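Both backbone and side-chain heavy atoms feed into the values below; hydrogens, waters and symmetry mates do not. What you are looking at is a predicted structure, and each value in this text was computed from that prediction instead of being measured.
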Amino acid sequence: MKKKINPAVYIIAATVMILLLFGWKLPVIIKIESLDLPKGCETIYPVRVQISDVYWLHIKGEKVIKCSLGYEAAKKYIETYNTPSELKNIRIQPYGGMSDIAIYDAEFDEEFLQKPDQDCYIRISYFRKIRTNG
C-alpha cells in the first residue's frame, strides 16, 4: 500500500524552490520599494534586479520614477527623509544621465527621448559588490 504524501510537503518544497531561485532579489526589491519618495511620484519602470559578473561579481537593482519636482528636489527629498541605513548602496541619478551599470538605459528609450520633461525622470538604483573568496 502506498503512503499518501501530505500536501503541506509539496507547499514547503515549492516555497523553498521559489526562495532559492528568486529569494536573493527580495531584499533589494524591498529596499528600493520602501524608500520614502515625494508625493505624486509615479513608477515608470518597476524594480528589476540582476546579478552580474562584468568587471566583478555584483548585484544591482533599479527603478525609474517620474517626479514633478524635478531631479534635484526629488533627490534632496529622498536623502532628507530616508536614513543613512535605508540609503546604503542606493544611488539617486537623473534617468537621462550616463551610467555604465544601468538596467534601464535612457539612450535606447525612444519614448523618453521625446518627452519635454526629461528632468523629471529619476533612476533609483541599488548597487553592491558581492564578496567572493579567492
Side-chain angles (χ1 to χ4, degrees):
M1 186 190 247
K2 273 189 163 179
K3 239 183 176 180
K4 196 172 187 181
I5 297 177
N6 187 338
V9 172
Y10 290 115
I11 293 171
I12 292 169
T15 302
V16 168
M17 290 301 292
I18 289 170
L19 287 175
L20 289 174
L21 293 173
F22 304 105
W24 60 272
K25 292 182 177 186
L26 292 177
V28 177
I29 293 169
I30 291 168
K31 184 158 184 104
I32 292 173
E33 290 293 351
S34 65
L35 289 173
D36 185 3
L37 302 176
K39 290 193 188 298
C41 288
E42 67 177 285
T43 298
I44 302 301
Y45 298 120
V47 178
R48 284 182 52 194
V49 182
Q50 300 174 347
I51 287 182
S52 177
D53 63 351
V54 177
Y55 305 118
W56 55 81
L57 193 60
H58 60 279
I59 186 169
K60 59 186 175 178
E62 193 169 283
K63 175 180 183 171
V64 177
I65 62 171
K66 181 179 178 185
C67 185
S68 61
L69 297 175
Y71 165 70
E72 292 293 334
K75 181 179 182 191
K76 184 173 181 170
Y77 180 96
I78 294 166
E79 290 174 344
T80 300
Y81 291 98
N82 291 280
T83 65
S85 64
E86 291 169 327
L87 294 171
K88 185 176 180 179
N89 300 317
I90 296 286
R91 296 179 186 171
I92 311 298
Q93 304 164 314
Y95 174 54
M98 294 183 64
S99 173
D100 60 344
I101 61 162
I103 294 173
Y104 295 114
D105 194 344
E107 181 181 348
F108 303 107
D109 187 345
E110 294 294 327
E111 190 175 319
F112 169 74
L113 295 174
Q114 296 173 11
K115 301 281 185 187
D117 56 352
Q118 292 180 4
D119 63 325
C120 294
Y121 288 74
I122 299 152
R123 176 191 336 263
I124 299 172
S125 62
Y126 174 93
F127 182 83
R128 182 175 61 90
K129 289 182 184 179
I130 299 172
R131 297 194 193 281
T132 58
N133 295 334

### Task
Report yes if some heavy atom in the side chain of H58 is under 4.5 Å from a heavy atom in the side chain of I51; otherwise report no.
no
### Query
Between L87 and E79, which heavy-atom pair has the shortest distance, and what is it?
CD1-CA, 3.8 Å
#### Entry: Test item: Y121 side-chain N/O and A106 main-chain N/O as donor-acceptor pair under 3.5 Å
no
### Message
Could you tell me if R91 sits above the aromatic ring of F127, with its cationic atom closer than 6.0 Å to the ring centre and no more than 45 degrees from the axis?
### Response
yes
### Message
My understanding is that only residues two or more places apart in sequence, or in another chain, count here; which of them pass side chain to side chain donor-acceptor pair (under 3.5 Å) with R48?
### Response
none
### Task
Drop me the distance from Q114's CD to D109's CG, to the nearest 0.5 angstrom.
9.5 Å
### Query
Quick one: CZ on R123 to CD1 on I44, what's the gap to the nearest 0.5 Å?
13.5 Å
### Summary
What one should report as the nearest heavy-atom pair of E107 and L113 is O-CD1, 3.7 Å
### Query
Would you find a donor on one side and an acceptor on the other, under 3.5 Å apart, between the side chain of E62 and the backbone of I103?
yes
### Message
With a 3.5 Å distance limit and no angle check, can you tell me whether Q50 reaches the backbone of I59 through a side-chain donor-acceptor pair?
### Response
no
Can I get a per-line list of side-chain donor-acceptor pairs under 3.5 Å for residues 66-75, giving both atom names and the distance, sequence neighbours left out?
{"unit_1": "K66", "atom_1": "NZ", "unit_2": "D117", "atom_2": "OD2", "d": "2.8"}
{"unit_1": "Y71", "atom_1": "OH", "unit_2": "I92", "atom_2": "O", "d": "3.2"}

### Query
Taking side chain as C-beta onward, heavy atoms only, is V47 less than 4.5 Å from E33?
yes
### Task
Give me the ring orientation class for Y95 and F112: parallel if the planes are under 30° apart, tilted from 30 to 60°, perpendicular past 60°.
perpendicular
### Task
Report yes or no: does E42 contribute a side-chain atom to a donor-acceptor pair with the main-chain N or O of I65 at less than 3.5 Å?
no
### Message
As an exercise, state the distance from NZ of K60 to OG of S125, rounded to the nearest 0.5 Å.
### Response
10.0 Å
### Message
Has N89 got a side-chain atom pairing as donor or acceptor with R128's backbone, closer than 3.5 angstrom?
### Response
no
### Query
What are the two closest non-hydrogen atoms of E111 and K115, and how far apart are they?
O-CG, 3.3 Å
### Query
Within the side chain of N82, is there an N or O that forms a donor-acceptor pair under 3.5 Å with the backbone of I78?
yes
### Query
Which residues satisfy the side chain to side chain donor-acceptor pair (under 3.5 Å) test with T83, sequence neighbours excluded?
S85, E86
### Message
Could you report the tightest heavy-atom contact between L37 and Y77, atom names first, then the distance?
### Response
C-CE2, 3.3 Å
